[in-house]
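Contents: one structure, followed by commentary.
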Amino acid sequence: MDHDELQAWLRLTLSRGVGNAAARLLLARFGLPQAIFDQSEAALLECVTPAQAKALRAIPPTLADLVETTWEWLQDAPEPGTAARTLLTLGDAGYPRALLNTDDPPLLLYLMGPAASLACAHPLGERPCLAVVGSRNPTAQGAEHARQFAKSLHGAGLTIVSGLALGVDAAAHEGALESAGLDEDHPATIAVVGTGLDRVYPAANRALAHRIARQGLLVSEYPLGTPPLAPNFPKRNRIISGLSQGTLVVEAALASGSLITARLAAEQGREVFAIPGSIHSPQSRGCHALIRQGAKLVESAQDVLEELRLPAASAAPASAVGAPGLGRGHPRQDSPLLQALGFDPMGLDALLARTGMDAASLQVQLLELELSGNVARLPGGLFQRMGAA
């Protein structure tokens, strides 16, 4: 892309009141953006409203600065071990077909990732993708489920797509990276963000974003300098679902933004999967609602692979509900404390009453099980069993 072409594309995206739908009409009628801006107002009015035609004839006041910032960002040669950058337009051959076939594909996609990956004709890859999304405040078990499922499903050949948010998103990215090698031809994980790629949000995920830039792909439709504006995050969810063959919701409250991604996936004709949880957990209610609406109930990574008609993972698949594989320790089958704890969150007073143990012994055994990964300590002084005994 040369400087003039970049300027035309950015001008189109900055034209006030001209959204993606109107821009696609203009591109279909006149061709590349340069041709759109050569048209008379009368010609433009055949496709857009008078207000939009007027906006297209005006030069956006921020255009010059954005063009130079973006041009410099694209031209900076990456140092060894750092991410390369590129910009995909709706007309590029490398634009992902899965996303192109959705109702609202972005006009521009900013990408950061390994130079070798971005040099490919299809930097987003032809490898099948799965979105893994969920709560920003998951239970310890929910975060572990996200990590283990992503790890196993990436091992089975899927690229894991998520949104770089705290909680389930971050755990899913980390699980895929754990399974990845540095010399992979395809990104291990794709993070679709709601800011410009010159910013990292949330700041707590800065180190994770840098790892993804080295072994995966960072994607945004937003211009450089775009801050974390609340409306941008639900909007970017259509890209997460649109890149993916299906969306797996790990944990979600009824008001979770993850349900937006699941709804978009269903509208795009993609599969929707949900992991069930405790009937007492608010973080499970969104998943249970999806299952009632027809989402596929998932207990293992194999359930996802079978539904997508993909080969089984070479490694043991992650398991979620009442099946071994998530706990790192191996407690005795008849462990009284684990039998008493079950899989629902429980407080110390209830455990004392149920086990008849003294408080000191109970605390010691809980700590041992927590360190072994078989019990999770939850907010509010609650404990929950992880995996099966």
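Just so it is clear, the values below take in all heavy atoms, side chains as well, and ignore hydrogens, waters and symmetry mates.
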Which pairs of donor and acceptor atoms, one on a side chain in residues 289-298, lie under 3.5 Å apart (sequence neighbours left out)?
{"from": "Lys296", "atom 1": "NZ", "to": "Glu271", "atom 2": "OE1", "distance (Å)": "2.9"}

* Starting at CZ of Arg147, measure out to CD of Glu178 and round the result to the nearest 0.5 Å. => 4.5 Å

* Mind checking what makes side chain to side chain contact (heavy atoms under 4.5 Å, CB included) contact with Gln34, not counting sequence neighbours? -> Glu5, Ala8, Leu32

* **Value rounded to 0.5 Å, distance of CG in Asp92 from CG in Leu109** => 9.5 Å

* Structure fact -> Closest non-hydrogen atoms of Ala55 and Ser15, given as atom of the first, atom of the second and distance, are O-OG, 4.2 Å

* Sidechain-backbone polar pair: Arg57 side chain, Lys54 backbone, donor-acceptor under 3.5 Å -> no

* What is the minimum heavy-atom distance between Arg199 and Pro227, and which atoms define it? -> NH1-CB, 3.4 Å

* Using modelled atom types only, decide if a donor and an acceptor are shared between the side chain of Gln52 and the backbone of Gly17 within a distance under 3.5 Å. => yes

* Check whether any side-chain N or O of Gln141 sits under 3.5 Å from a backbone N or O of Gln384 as a donor-acceptor pair, and report yes or no. => no

* To do: Using the side chain to side chain contact (heavy atoms under 4.5 Å, CB included) rule, take Asp169 and Leu164 through it: C-alpha gap first, then chi angles, then the decisive distance, then the call.
  => CA-CA 5 Å; Asp169 286 20; Leu164 198 63; 5.8 Å; no

* Rounded distance (nearest 0.5 Å) linking atom CH2 of Trp73 with atom CG of Leu66 -> 11.5 Å

* Asked: Linking I/L/V/M/F/W/Y whenever their side-chain heavy atoms sit closer than 4.5 Å, directly or via other members, would Phe37 and Leu107 fall into one cluster?
  -> yes

* To do: Evaluate the side chain to side chain contact (heavy atoms under 4.5 Å, CB included) criterion for residues Met357 and Val364: first the C-alpha distance (whole Å), next the side-chain angles of each, then the deciding distance (0.1 Å), finally the verdict.
  => CA-CA 11 Å; Met357 298 171 65; Val364 169; over 6 Å; no

* Asked: Quick check: does any side chain N or O of His288 sit under 3.5 Å from a backbone N or O of Pro276, one acting as donor and the other as acceptor?
  -> no

* **Asn205 side chain to Pro202 backbone, donor-acceptor under 3.5 Å** => no

* Asked: Between Val249 and Cys287, which heavy-atom pair has the shortest distance, and what is it?
  -> O-SG, 3.5 Å

* Specify the closest pair of heavy atoms between Thr247 and Val133, including all atoms of both residues, with the distance to one decimal. => CG2-CG2, 3.8 Å

* Please tell me if the side chains of Asp104 and Arg24 come closer than 4.5 Å, counting only heavy atoms from C-beta onward. => yes

* Verdict with supporting geometry, Leu308 and Leu130, side chain to side chain contact (heavy atoms under 4.5 Å, CB included) -> CA-CA 10 Å; Leu308 296 179; Leu130 180 80; 4.2 Å; yes

* If we only count heavy atoms from C-beta on, is the Ile190 to Cys129 side-chain gap below 4.5 Å? -> yes

* To do: Say whether, by atom type as modelled, one donor and one acceptor occur between the side chain of Thr261 and the main chain of Ser241 under 3.5 angstrom.
  => no

* Is there a donor-acceptor pair under 3.5 Å between the side chain of Arg385 and the backbone N or O of Leu341? -> no

* To do: Check the angle between the aromatic planes of Tyr201 and Phe233 and answer parallel, tilted or perpendicular using the 30° and 60° thresholds.
  => tilted

* Asked: Given side chains that start at C-beta, do those of Ser256 and Arg136 come closer than 4.5 Å, heavy atoms only?
  -> no

* Asked: Are Tyr222 and Leu99 joined in one hydrophobic group, where the rule is that I, L, V, M, F, W and Y side chains link up if heavy atoms are under 4.5 Å apart?
  -> no

* Would you mind reporting whether Leu153 and Leu310 have side-chain heavy atoms less than 4.5 Å apart? => no

* So do Asn137 and Gln283 actually touch side chain to side chain, heavy atoms under 4.5 Å? -> yes

* Does Leu27 share a hydrophobic cluster with Leu45, counting links as ILVMFWY side-chain heavy atoms below 4.5 Å and allowing steps through other members? -> no

* **Heavy-atom pair with the smallest gap, counting every atom of Arg127 and Thr159** => CD-OG1, 3.3 Å

* Structure fact -> Contacts satisfying salt bridge (Lys or Arg N to Asp or Glu O under 4.0 Å) that involve residues 157-168 (not counting sequence neighbours) are none

* **Side chain proximity check, Leu348 to Leu366, heavy atoms < 4.5 angstrom** => yes

* Evaluate whether atom CG of Asp38 has more than 12 neighbouring non-hydrogen atoms of other residues, nucleotides or ligands under 6.0 angstrom away. => yes

* Does Leu87 belong to the same Ile/Leu/Val/Met/Phe/Trp/Tyr cluster as Ile239, with side-chain heavy atoms less than 4.5 Å apart forming each link? -> yes

* **Validation row, ring centre Phe273 to ring centre Phe149 under 6.0 Å** => no

* To do: Please check if Leu264 and Ile160 belong to a single hydrophobic cluster, counting links between Ile, Leu, Val, Met, Phe, Trp and Tyr side chain heavy atoms closer than 4.5 Å.
  => no

* Hey, what do you get for OG (Ser220) to CG (Leu197), rounding to the nearest 0.5 Å? -> 5.0 Å

* **Side chain Arg236, main chain Gly163, donor-acceptor under 3.5 Å** => yes

* **Any Leu56 side-chain heavy atom under 4.5 Å of Gln39 side chain** => no

* Any side-chain heavy atom of Glu221 within less than 4.5 Å of one from Asn20? -> yes

* Identify the heavy atoms of Leu10 and Leu108 that sit nearest to each other, and give their distance. => CD2-CD1, 3.9 Å

* To do: Examine distances only and state if a side-chain atom of Arg11 and a backbone atom of Pro60 form a donor-acceptor pair shorter than 3.5 Å.
  => no

* **Straight-line distance of Ile275 CD1 to Leu248 CG, nearest 0.5 Å** => 4.5 Å

* For His173 and Arg211, what are the C-alpha separation, side-chain angles and deciding distance, and is it a side chain to side chain contact (heavy atoms under 4.5 Å, CB included)? -> CA-CA 10 Å; His173 290 307; Arg211 288 176 62 200; over 6 Å; no

* Structure fact -> The reported gap from OG1 in Thr70 to CD in Gln7 (rounded to nearest 0.5 angstrom) is 11.0 Å

* **No-hydrogen, no-angle side-chain donor-acceptor test under 3.5 Å, Asp65 and Thr62** => no

